[in-house]
Structures are given as structure tokens and as C-alpha cells.
Amino acid sequence: MIGCYFTNLENIAICELRKTQKSIKAAVAWINFNHYGCVLEELLNRGVKIKILLNNDGINQRYINHIQYLNRKGADIRLVSFVGIMHHKFCIIDKHICMFGSFNWTHNANIRNIEDLNICDEVEFVNNYLLEFKALWNLSKEDIQLLTHPSCCSICGRPIINILFMEPEGDYQTKIDVLQQCSCEQKLVYTDYYDASVYNNYLATIHQFEDDILAVYQSGDEVTYQQIVAQQDFVVANYLSLVRTNRMGMPIIHAVGVKSWKWFDKHDGEFIYKIIWKERGTSSYIEDEYEIM
Ligand SMILES: [Zn+2]
């Protein structure tokens with residue numbers, strides 16, 4: 001152990017970061033890039049490899065321009081959605097020192113909150129953090145891979161996608177089914193029950209953007225339209241990550257569908273799955289509606 005600190009944490013963290021020779025692997029829930037962007041850029045200019053996992057939420061999204069800028073300069077900084085909040089605050093420097101504790105790399109954590117920051121160089125200890133980092137890093141990479149490159153059905157050749165289908169059951173429950181679907185087959189791969197608020201909140205999450213999206217779409221303002229859709233994606237993705245209770249047990253969700261009635265003509269129709277949300281990066285292979293087989 002090198003030390004435990006309770007005050008002046010930002011300066012200590014930045015001083016430690018400045019000592020880096022080769023690599024930084026950090027999983028930190030929140031980072032204020034106005035404060036830490038400079039030191040990270042400095043490290044990149046010296047050839048230090050930077051991998052950072054951040055919690056995917058609005059707080060970190062505010063620095064998306066900073067993040068993209070650093071990534072263009074060679075960093076690999078990712079906003080990741082796990083079950084609940086990725087709440088870690090650790091950073092492994094050059095594979096042999098680990099900073100950890102309650103301290104987020106934010107202004108509030110530095111000036112307002114009561115926090116601790118510890119620095120450790122014990123091999124076994126640091127290795128455990130390295131393993132944890134690797135697990136999180138690969139998990140998120142795998143998710144991205146699964147989302148953007150779904151496996152294809154050996155019979156029909158179409159991508160196999162998982163549609164989350166949510167419906168109220170009785171007054172108190174939300175039933176969630178995950179349907180795995182290609183063009184030739186549909187099967188239920190996961191079912192779970194939550195309380196009724198899950199469905200109600202979910203619809204509210206989607207619907208809060210609907211009027212805006214429609215209005216901007218009709219106005220023809222493409223840029224604003226894309227911004228609102230991106231915002232909706234982000235909020236929905238966050239909400240979905242909360243719904244997934246057990247990320248290992250539940251498959252990755254490519255889209256969300258609701259059962260809705262589709263009229264063929266005045267007299268005839270059928271129930272279909274209407275897709276109301278698609279995960280980012282998946283729209284090229286997900287249809288807008290699917291037949292219920
Ligand atoms: Zn098929």
C-alpha cells in the first residue's frame with residue numbers, strides 16, 4: 001500500500017496520472033473532462049495507451065465531444081451500459097499501481113463530497129483489478145459485436161435478432177418476453193415478470209419524445225430530428241439496462257416491439273409486432289414490423 005487520502009484528491013489523482021509511462025486502464029463511473037481532459041491528452045502525446053470505461057449516462061454524455069476528441073487522438077474511451085450503474089472508481093497505471101476508492105473524477109467529488117482515494121502497488125491486489133477491468137472491457141466489446149453483427153440463421157440467412165416484448169399482466173405485473181426471430185423461425189428465449197411500473201415507465205420513456213419527434217420531422221429540420229432521436233435512443237437504452245436484471249441470463253436486446261393490430265382493409269387485419277425502438281447501429285437489419293407466427 002502506498003497511501004490513503006481524504007483531501008486534495010483531484011490533485012493527487014492528476015499527479016499520479018502524470019507519472020504514467022505506458023498505460024492506463026480505468027473504470028470510473030463519472031469523469032469531468034474539463035478537469036481531466038488535459039492530463040489525458042498530455043499522456044496520449046507521450047504515447048501512453050488509454051482505456052477508460054465510463055457509465056453511459058447523461059452526466060458523461062455532456063463530455064461526448066471531449067471523449068471523441070481524445071479517441072481520435074488514440075484513446076479508447078467507452079460509455080458502457082451494464083445492469084445498473086457501472087459504479088467503479090479505479091484506475092490501473094502501468095499495470096502495477098492501482099488508484100481506487102469512492103472518489104469519482106468529478107468536481108463535486110473533489111470539493112463537496114466526503115471521499116477517499118487509495119493508491120496500492122501490491123501485485124495480487126492490482127492483478128485483481130486488472131482482471132475486473134478485462135472482464136468489463138470484453139463484455140462491452142462483445143455486446144457491441146453482438147449488436148452490430150448478429151449471427152445469421154443457417155436456413156433463411158437472415159440475422160437472428162432478439163426482440164423484447166413487454167406487456168402489462170393484470171394490475172400489478174409487467175411480463176417480459178424475449179423473442180428470438182429470423183425470417184423462418186420465432187422462439188421464446190426468455191420470460192420474466194416485473195412490477196407494473198416497468199411497463200408504464202417504459203412507455204412513458206418512449207412517449208415523452210414522440211410529440212417532439214413528429215413536430216421536428218414535419219418541419220424538415222434534419223439535424224434537430226437526429227438529435228432528438230439520439231436523445232430518445234439514449235434514454236431508452238438507459239432504461240432498458242435497468243430492466244435487465246441479470247445480464248448474463250438475458251440475451252442482448254436488438255429491438256423492442258409491442259403487439260399491435262394492423263388493418264389490411266376495412267374488415268380484416270391481424271396482430272403484429274410493431275417495433276417501437278431499435279438499438280443503435282442495428283436499424284439496417286431490423287424491420288419495422290414482424291409477423292406473429
Ligand atoms: Zn431463419
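One-based numbering, in listed order, for ligands and for the atoms of each. Positions are given from 1, in the same order as the sequence printed here.
Applying the side-chain hydrogen bond (donor to acceptor under 3.5 Å, both in side chains) criterion to S102, with sequence neighbours excluded, gives E115, D116. The side-chain hydrogen bond (donor to acceptor under 3.5 Å, both in side chains) search around N60 returns none, not counting sequence neighbours.
Excluding water, every protein N/O/S atom under 2.8 Å from the Zn ion (ligand 1) is given here by residue and atom: C153 SG, C156 SG, C182 SG, C184 SG.
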List the atom pairs, donor and acceptor, that lie under 3.5 Å between side-chain atoms in residues 34-45 and the rest of the protein, sequence neighbours left out.
residue: H35; atom: ND1; partner: E10; partner atom: OE1; Å: 2.9
residue: H35; atom: ND1; partner: E10; partner atom: OE2; Å: 3.0
residue: E41; atom: OE2; partner: Y69; partner atom: OH; Å: 2.6
residue: E41; atom: OE2; partner: K73; partner atom: NZ; Å: 3.3
residue: E42; atom: OE1; partner: R18; partner atom: NE; Å: 3.2
residue: E42; atom: OE1; partner: R18; partner atom: NH2; Å: 3.3
residue: E42; atom: OE2; partner: R18; partner atom: NE; Å: 2.8
residue: N45; atom: OD1; partner: K73; partner atom: NZ; Å: 3.1
residue: N45; atom: ND2; partner: E41; partner atom: O; Å: 3.4

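Residue K262 is tested with E289, E291, E270 for a salt bridge (charged side-chain N to carboxylate O under 4.0 Å, His left out); the sole match is E289.
You'll find the side chain of T224 stays beyond 4.5 Å of the side chain of S219, heavy atoms only.
Heavy atoms only, all atoms of each residue included: Q180 and I160 are closest at CG-CG2, 3.4 Å.
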